[in-house]
Amino acid sequence: MSVTSAREHLRDGSPVEVRALRPEDEADMLAALDQASPQSLQRRFFAMMRHFSDKERAFFMDVDFKNQIALVARAEEAGRKAVVGGRRYIVSEPGRAERAFMVVDAWQGRGVGSMLMRHLVDIARETGLKELTAEVLPENTSMLKVFGRFGFRSAARRDPQTVQVACFPWDFALPRGRTKFPLQGRARNRSLRKRAIN
């Protein structure tokens, strides 16, 4: 099926497009990483990574939208559309997936992460996942707060240096004031899951 997108606005009114990651986004993804501070890279990769092997780049960009779902947020920057954030989940075992996330520094604290989170949780529900997990560095308090708002709770740690959180999409409690997921079958939002579930 064709890749579609949703257009939303951040809290400050900035327009953002959320859509599935495409192979042609590679240059924009690398540009986003170049803008990331050492702290943001550490929080995303648990290491200071700016350069990736061909194998690593292929893993991030060749998304099958079955065992790995990847979404990007694109917004206007310096007169052109740029990738300002991304979230993905990777199925680790039937019914269970691990999440990864990153927002470009200049766009942090503006609602990009929460927006991507809503869409990814919605896709997880619609594709039948039972549990979503994530590993977060303890000092990444802003991300832990976002996870908390979306029903993630502390889980057993696999690594003493990170915080393990988990949520169950079917028990997901919508944030106050929201009555439906933004992509749940509404024609005006042209569901992102069209590619995600095939």
Side-chain angles (χ1 to χ4, degrees), residues 1-29 31-32 35 44 60-91 97-104 106-129 132 134 142-143 145-147 149-152 167-198:
M1 296 182 180
S2 62
V3 178
T4 54
S5 65
R7 298 184 185 278
E8 297 193 25
H9 289 82
L10 300 178
R11 292 188 291 267
D12 62 7
S14 301
V16 173
E17 177 192 24
V18 178
R19 64 162 170 78
L21 178 69
R22 301 170 184 169
E24 59 265 31
D25 291 327
E26 181 171 348
D28 285 342
M29 291 288 285
Q35 295 180 50
R44 167 60 183 87
F60 287 122
M61 298 306 302
D62 295 341
V63 180
D64 62 9
F65 289 92
K66 182 178 179 182
N67 294 309
Q68 183 176 182
I69 303 293
L71 304 179
V72 291
R74 300 173 75 243
E76 195 82 16
E77 270 197 340
R80 63 178 294 274
K81 282 289 185 70
V83 171
V84 298
R87 285 189 183 273
R88 69 180 64 215
Y89 70 66
I90 301 169
V91 176
E98 297 182 14
R99 307 172 63 109
F101 45 85
M102 185 170 178
V103 176
V104 172
W107 290 82
Q108 291 175 11
R110 299 171 64 179
V112 175
S114 294
M115 182 182 295
L116 286 165
M117 178 85 82
R118 290 197 306 270
H119 290 296
L120 207 59
V121 168
D122 191 33
I123 291 171
R125 285 166 57 98
E126 295 190 26
T127 54
L129 283 179
L132 289 172
S142 61
M143 197 72 259
K145 287 178 181 177
V146 172
F147 278 126
R149 287 199 300 269
F150 281 82
F152 282 76
C167 85
F168 305 92
W170 289 103
D171 295 332
F172 180 75
L174 292 170
R176 186 169 54 187
R178 180 172 295 278
T179 57
K180 280 195 175 184
F181 287 96
L183 298 182
Q184 198 168 40
R186 293 188 175 186
R188 67 174 182 265
N189 280 322
R190 294 174 297 164
S191 175
L192 291 173
R193 77 183 184 97
K194 286 185 178 181
R195 181 174 176 183
I197 60 177
N198 265 340

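What you see is a predicted model; the values in this text were computed from it and never measured.
- Listed by chain and residue number, Ala58 satisfy the side chain to side chain contact (heavy atoms under 4.5 Å, CB included) test with Asp62 (two or more places apart in sequence, or in another chain).
- We find the CG-CZ distance between Leu71 and Phe101 to be 14.5 Å, quoted to the nearest 0.5 Å.
- For Ser14, the side-chain hydrogen bond (donor to acceptor under 3.5 Å, both in side chains) partners are Asp12, Arg110, not counting sequence neighbours.
- Note that CE of Met115 is 4.5 Å distant from CD of Glu8, once rounded to the nearest 0.5 Å.
- Taking all atoms of both residues into account, the shortest heavy-atom contact from Leu132 to Ala124 is CD1-CB, 3.8 Å.
- Minimum interatomic distance between Val112 and Trp107 (heavy atoms only, all atoms of both residues): CG2-O, 3.9 Å.
- With hydrogens and angles disregarded, a donor-acceptor distance shorter than 3.5 Å links the side chain of Arg88 to the backbone of Phe60.
- By the 4.5 Å heavy-atom criterion applied to side chains, His119 and Arg87 are not counted as neighbours.
- With rounding to the nearest 0.5 Å, the separation of CZ in Arg99 from CD1 in Ile69 is 11.5 Å.
- What you find for Ala97 and Leu129 is that their closest heavy atoms are CB-CD1, 3.7 Å.
- The shortest distance between side-chain heavy atoms of Ile90 and Gln68 falls below 4.5 Å.
- Scanning both residues, Leu10 and Gly111, for their nearest heavy atoms gives CD2-C, 4.0 Å.
- A distance of 12.5 Å separates OG1 in Thr127 from CZ in Phe65, rounded to the nearest 0.5 Å.
- Of all heavy-atom pairs spanning Ala20 and Val72, the tightest one is O-CG2, 4.4 Å.
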Please determine whether side chain to side chain contact (heavy atoms under 4.5 Å, CB included) holds for the pair Arg19 and Asp25, giving the CA-CA distance in whole Å, both sets of side-chain angles, and the decisive distance to 0.1 Å.
CA-CA 11 Å; Arg19 64 162 170 78; Asp25 291 327; 2.8 Å; yes
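- Within the structure, the salt bridge (charged side-chain N to carboxylate O under 4.0 Å, His left out) test picks out the following pairs touching residues 68-85 (sequence neighbours left out): Glu17-Arg74, Asp28-Arg80.
- For Arg11 (side chain) and Gly109 (main-chain N/O), a donor-acceptor pair under 3.5 Å exists by modelled atom type.
- Closest heavy-atom contact between Ala75 and Val16: CB-CG2, 4.2 Å.
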